[in-house]
Amino acid sequence: MEVKTRRTKSIDAGDAKWIAMLSQSIDSIGLDRFPQNLIDTLKTLVKFDNSVVFAYFQSEKPLCLFHTFSPEKHVVFVEDYLKGPYLLDPFFKVCSRKVDTGLYRLGDIAPDRFYQSEYYRSYYIQTELSDEICYTFYLDKGVAVVISLMRPSGSSRFSAREIRLLGSVSPIVVSLAQRHWL
């Protein structure tokens with residue numbers, strides 16, 4: 001399946017670069033470099049600016065497993081988020097309801113009037129994101145994991161084609177990540 005987007009050249013999941021990066025991700029399962037390898041692999045398919053991986057366990061404070069933020073952005077996306085806004089995060093909420101494993105766009109799971117919500121006004125607006133999509137999946141003992149891919153404001157939103165491409169590799173991404181974060 002070949003995909004053309006404004007932000008990426010024509011590429012498909014059979015592309016040599018994708019396969020080489022996927023091999024590196026597989027080889028790094030269980031190692032510290034795995035999360036970065038996985039993100040770099042996804043970036044061969046679709047361009048995005050930042051990524052963060054959170055693990056959620058019931059009502060406990062989430063655990064940040066990985067991020068690509070600068071120190072300044074880390075404050076907003078991780079430190080401030082963990083102070084409480086996560087409780088209102090649509091991804092946290094759908095994981096609490098055990099949404100099916102897969103790829104989700106924030107706009108598809110956010111409640112009606114999201115942009116008027118307390119979460120948006122008090123926290124999310126500070127992130128300055130134009131779009132966010134996340135792989136969601138589960139580990140043993142009810143731990144939910146979310147791998148978030150983000151584009152800042154001023155960037156284009158993820159196109160339907162990009163989302164279909166990322167969705168088509170969802171089983172691979174989830175399988176690798178589940179094995180890494182057992």
Stepwise, does the side-chain contact (heavy atoms from CB on, under 4.5 Å) test hold for I163 with V46? CA-CA 9 Å; I163 291 172; V46 172; over 6 Å; no
What verdict does the side-chain hydrogen bond (donor to acceptor under 3.5 Å, both in side chains) test give for S130 and S153, after you've listed the backbone C-alpha separation in whole Å, the side-chain angles of each residue and the deciding distance to 0.1 Å? CA-CA 4 Å; S130 73; S153 61; over 6 Å; no
Evaluate I125 against Y120 for side-chain contact (heavy atoms from CB on, under 4.5 Å), listing each step before the verdict. CA-CA 6 Å; I125 197 167; Y120 180 82; 3.9 Å; yes
Please evaluate residues L22 and L176 with respect to the criterion side-chain contact (heavy atoms from CB on, under 4.5 Å), reporting the C-alpha separation (whole Å), side-chain torsions for both, the decisive distance (0.1 Å), and the verdict. CA-CA 10 Å; L22 182 60; L176 293 173; 3.6 Å; yes
Any chance you could lay out the side-chain contact (heavy atoms from CB on, under 4.5 Å) test for H74 and Y81, step after step, and finish with the verdict? CA-CA 10 Å; H74 179 268; Y81 178 80; over 6 Å; no
Start with the C-alpha gap between D108 and R105, add the side-chain angles, then the distance that decides, and say whether salt bridge (charged side-chain N to carboxylate O under 4.0 Å, His left out) holds. CA-CA 5 Å; D108 295 335; R105 175 183 243 156; 5.5 Å; no
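For E162 and R151, the salt-bridge test passes: some basic side-chain N is under 4.0 Å from an acidic carboxylate O.
Judged purely by atom type and a 3.5 angstrom limit, S148 has no side-chain atom pairing as donor or acceptor with the backbone of S51. For the pair Y138 (side chain) and Q178 (backbone), a donor-acceptor distance under 3.5 Å is absent. In this structure, the side chain of E60 does not engage the main chain of Y56 through any donor-acceptor pair within 3.5 Å. Proximity of a side-chain donor or acceptor of Y123 to a complementary backbone N or O of V76 within less than 3.5 Å is detected. Without hydrogens or angle criteria, S155 side chain to P152 main chain gives a donor-acceptor distance under 3.5 Å.
Y119 is listed as a side-chain neighbour of P85, based on a closest heavy-atom distance under 4.5 Å. Within the 4.5 Å cutoff, no side-chain heavy atoms of F34 are placed close to those of F66. Side chains of Y135 and T101 form no contact here, defined as non-hydrogen atoms less than 4.5 Å apart. Residues V52 and C64 form a side-chain contact, since some pair of their non-hydrogen atoms from C-beta on lies under 4.5 Å apart. The closest side-chain heavy-atom distance from P62 to L82 is below 4.5 Å. V145 places none of its side-chain heavy atoms less than 4.5 Å from the side chain of F54. Here the side chains of Y86 and K61 are in contact, with some heavy-atom distance below 4.5 Å. Taking 4.5 Å as the limit, some side-chain heavy atom of W18 sits within range of a side-chain heavy atom of T41.
Within a 6.0 Å radius of CZ in R179, other residues, nucleotides and ligands contribute 12 heavy atoms or fewer.
With rounding to the nearest 0.5 Å, the separation of OG in S170 from CZ in R164 is 15.5 Å. The NZ atom of K17 sits 11.0 Å away from atom NZ of K43, with the distance rounded to the nearest 0.5 Å. Remark: S28 OG to N37 CG distance equals 4.0 Å, nearest 0.5 Å. To the nearest 0.5 Å, atoms CZ (R157) and CD (E132) are separated by 11.0 Å. For the atom pair L165 CG and L42 CG, the distance stands at 9.5 Å (nearest 0.5 Å). Taken from CD1 in I109 to OG1 in T136, the straight-line distance is 8.0 Å, to the nearest 0.5 Å.
Note on ring orientation: taking the six-membered ring where Trp is involved, the planes of F69 and H67 are parallel (angle under 30°, cut-offs 30° and 60°). Taking the six-membered ring where tryptophan is involved, the planes of F158 and F48 are tilted, since the angle between them lies from 30° to 60°.
Follow the hydrophobic side-chain contacts under 4.5 Å out from L139 and you never reach V94; the two are in separate clusters. Grouping the Ile, Leu, Val, Met, Phe, Trp and Tyr side chains by contacts below 4.5 angstrom, directly or via other members, places V174 with I39. Cluster membership check: L103 shares its hydrophobic cluster with L45, using side-chain heavy-atom separations under 4.5 Å among Ile, Leu, Val, Met, Phe, Trp and Tyr. A continuous path of Ile, Leu, Val, Met, Phe, Trp and Tyr side chains, each step under 4.5 Å between heavy atoms, connects L106 with Y115, placing both in one hydrophobic cluster. Residues V75 and L65 do not share a hydrophobic cluster, clusters being chains of Ile/Leu/Val/Met/Phe/Trp/Tyr side chains in contact below 4.5 Å.
Of all heavy-atom pairs between C95 and A144, the closest is CB-CB, 3.6 Å. For the residue pair H180 and P35, the shortest heavy atom distance occurs at NE2-CD, 4.1 Å.
If you look at F114 and Y124, their ring centroids are closer than 6.0 Å.
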